[in-house]
Amino acid sequence: MPPSHPLVFLIDVDNTLLDNDGIQQDLKDHLEHAYGRLARDRYWKILEDLFAELGYRDYLGALQRYRAEHPREVELLAMSSFLINYPFADRLFPEALKVLKRLGRLGPTVVFSDGDVVFQPHKVECAGLADAVDGRVLIYIHKEEALDDVERRFSAEHYVLVDDKLRILAAVKKFWGDRVTTVFVRQGAYAHDPKIAGTFPAADLTIERVADLVDYDLPQPWLASRVLPFGVESTP
């Protein structure tokens, strides 16, 4: 069957639309203030171990494991409240919602993320991102391995993927080839890590902040590299 849409935008969440580094720092500060530096460091070690095991950060899962190690520290219950009640909308990058609105005029815009089954959807909803894309939210364990499902749900002649991780952009480019325009948003720790930048091929386009897309003319993204605004780079 022919594609349902000529163009679909897939937009990442953490460090693309949402300042996840800032959220993590707030969490670290809260842990140290409420429970001490040793508790903060142990929780973060569990979180990183889970990341290596699962491929995404399971904040609530890490808390559960930490609690299993300290079953009588009932004060940990307040930690879950901090996570659930965190003001995620305050951590949206400038113009993030405006970007989604603007791209939505050009084609269906989909929040495209990976993460756990509880906290990540909660974060997306509380930040206002789900409403901004009319509920078009896809969250996978490993999103780069679910592109066939993306096509099933949002079939398109062409895709535009906006993400802060070159690893993801490279994997999607390998799968879809010329059917996707990859946009690298140089925000967050991973995006500025020179070791990571040297490991993967460059994206089709590079921007310094997601707000650059507000004024970026993308009526035909596969031709976008020919006309670039200030602050946007194309791969030669």
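Predicted model only: the values in this text are computed from it and were never measured. All heavy atoms count here, side chains included; hydrogens, waters and symmetry mates do not.
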(Q) Nearest 0.5 Å, please: how far is NZ in Lys174 from CH2 in Trp176? (A) 15.5 Å
Q. If we only count heavy atoms from C-beta on, is the Val110 to Val150 side-chain gap below 4.5 Å?
A. no
Q. Rounded to the nearest 0.5 Å, how far does NE2 of His192 lie from CD of Gln187?
A. 8.5 Å
Q) Going from OH on Tyr86 to NE2 on His30, what distance comes out if it is rounded to the nearest 0.5 angstrom? A) 11.5 Å
Q) Between Asp26 and Arg91, is the closest basic N to carboxylate O distance under 4.0 Å? A) yes
Q. Are any of the side-chain heavy atoms of Leu63 and Ser80 separated by less than 4.5 Å?
A. yes
Q) What pair of heavy atoms forms the shortest contact from His158 to Thr181, and how long is it? A) NE2-OG1, 2.9 Å
Q.
Could you check whether atom CD1 of Ile141 has more than 12 heavy atoms from other residues, nucleotides or ligands sitting under 6.0 Å from it?
A. no
Q) Ion pair present between Lys45 and Asp41, side-chain N to carboxylate O less than 4.0 angstrom? A) no
(Q) Main chain of Phe154, side chain of His5: is a donor-acceptor contact present, judged purely on distance under 3.5 Å? (A) no
Q: Report the distance from atom CG of Leu169 to atom CG of Asp163, rounding to the nearest 0.5 Å.
A: 5.0 Å
Q) Would you call Tyr159 and Leu147 a side-chain contact if the rule is heavy atoms closer than 4.5 Å? A) no
Q. Got a second to check how far Cys126's SG is from Asn85's CG, nearest 0.5 Å?
A. 8.5 Å
Q. So which heavy atom on Pro6 is nearest to which on Glu157, and how close?
A. O-CB, 3.4 Å
Q.
Is the shortest side-chain heavy-atom distance between Leu92 and Leu18 below 4.5 Å?
A. yes
Q. How many angstroms lie between OH in Tyr43 and NZ in Lys28, if you round to the nearest 0.5 Å?
A. 11.5 Å
Q. Do Asp21 and Gln25 get their side chains close enough for a donor-acceptor pair, meaning under 3.5 Å?
A. no
Q | Over all atoms of both residues, closest heavy-atom pair of Arg152 and Asp149 | A | NH2-OD1, 2.8 Å
Q.
Please determine whether the number of non-hydrogen atoms from other residues, nucleotides or ligands lying under 6.0 Å from atom CZ of Arg40 exceeds 12.
A. yes
Q: Check the pair Val137, Leu129 against side chain to side chain contact (heavy atoms under 4.5 Å, CB included), reporting the backbone distance first and the verdict last.
A: CA-CA 9 Å; Val137 177; Leu129 297 175; over 6 Å; no
Q | Verdict with reasoning, Arg186 to Thr206, per side chain to side chain contact (heavy atoms under 4.5 Å, CB included) | A | CA-CA 7 Å; Arg186 204 145 44 190; Thr206 296; 3.6 Å; yes
Q. What closest approach, in Å, do Asp14 and Asn20 show between heavy atoms, and which atom pair accounts for it?
A. OD1-OD1, 3.5 Å
Q.
Show the nearest heavy-atom pair for residues Arg57 and Asp116, with the distance to one decimal.
A. O-OD1, 4.5 Å
Q: Measure up the Tyr59 and Trp44 rings against each other and bin them: parallel (under 30°), tilted (30 to 60°), perpendicular (over 60°).
A: perpendicular
Q. Taking side chain as C-beta onward, heavy atoms only, is Met79 less than 4.5 Å from Arg67?
A. no
Q: Carefully, step by step, assess Leu83 and His122 under the rule side chain to side chain contact (heavy atoms under 4.5 Å, CB included).
A: CA-CA 10 Å; Leu83 288 170; His122 174 76; over 6 Å; no
Q) Charged N to carboxylate O under 4.0 angstrom, Glu73 versus Arg42? A) no
Q) If we only count heavy atoms from C-beta on, is the Ile168 to Leu161 side-chain gap below 4.5 Å? A) yes
Q | Residue pairs passing the side-chain hydrogen bond (donor to acceptor under 3.5 Å, both in side chains) test where at least one lies in residues 164-173, sequence neighbours excluded | A | Thr16-Asp164, Glu144-Arg167, Lys173-Asp204
**Q.** Chi angles and distances behind the side chain to side chain contact (heavy atoms under 4.5 Å, CB included) call for Thr199, Leu166
**A.** CA-CA 9 Å; Thr199 302; Leu166 286 171; over 6 Å; no
Q | Distance-minimising heavy-atom pair for Phe200 and Ala170 | A | CD2-CB, 4.3 Å
Q. Do Phe119 and Phe88 have their ring centres less than 6.0 Å from each other?
A. yes
**Q.** Side-chain donor or acceptor of Arg65 paired with backbone N/O of Leu47 under 3.5 Å
**A.** no
Q. Between Ser155 and Arg153, is there a donor-acceptor pair closer than 3.5 Å when you use the side chain of the first and the backbone of the second?
A. no
Q) Phe112 vs Tyr140 aromatic rings, parallel, tilted or perpendicular, using cut-offs 30° and 60°? A) perpendicular
Q: Find out whether Gln120 and Tyr56 are in side-chain contact, i.e. whether some heavy atom of one side chain is under 4.5 Å from a heavy atom of the other.
A: no
Q: Flag the pair Leu50 / Glu53 as yes when at least one side-chain heavy-atom distance between them is below 4.5 Å, and no otherwise.
A: yes
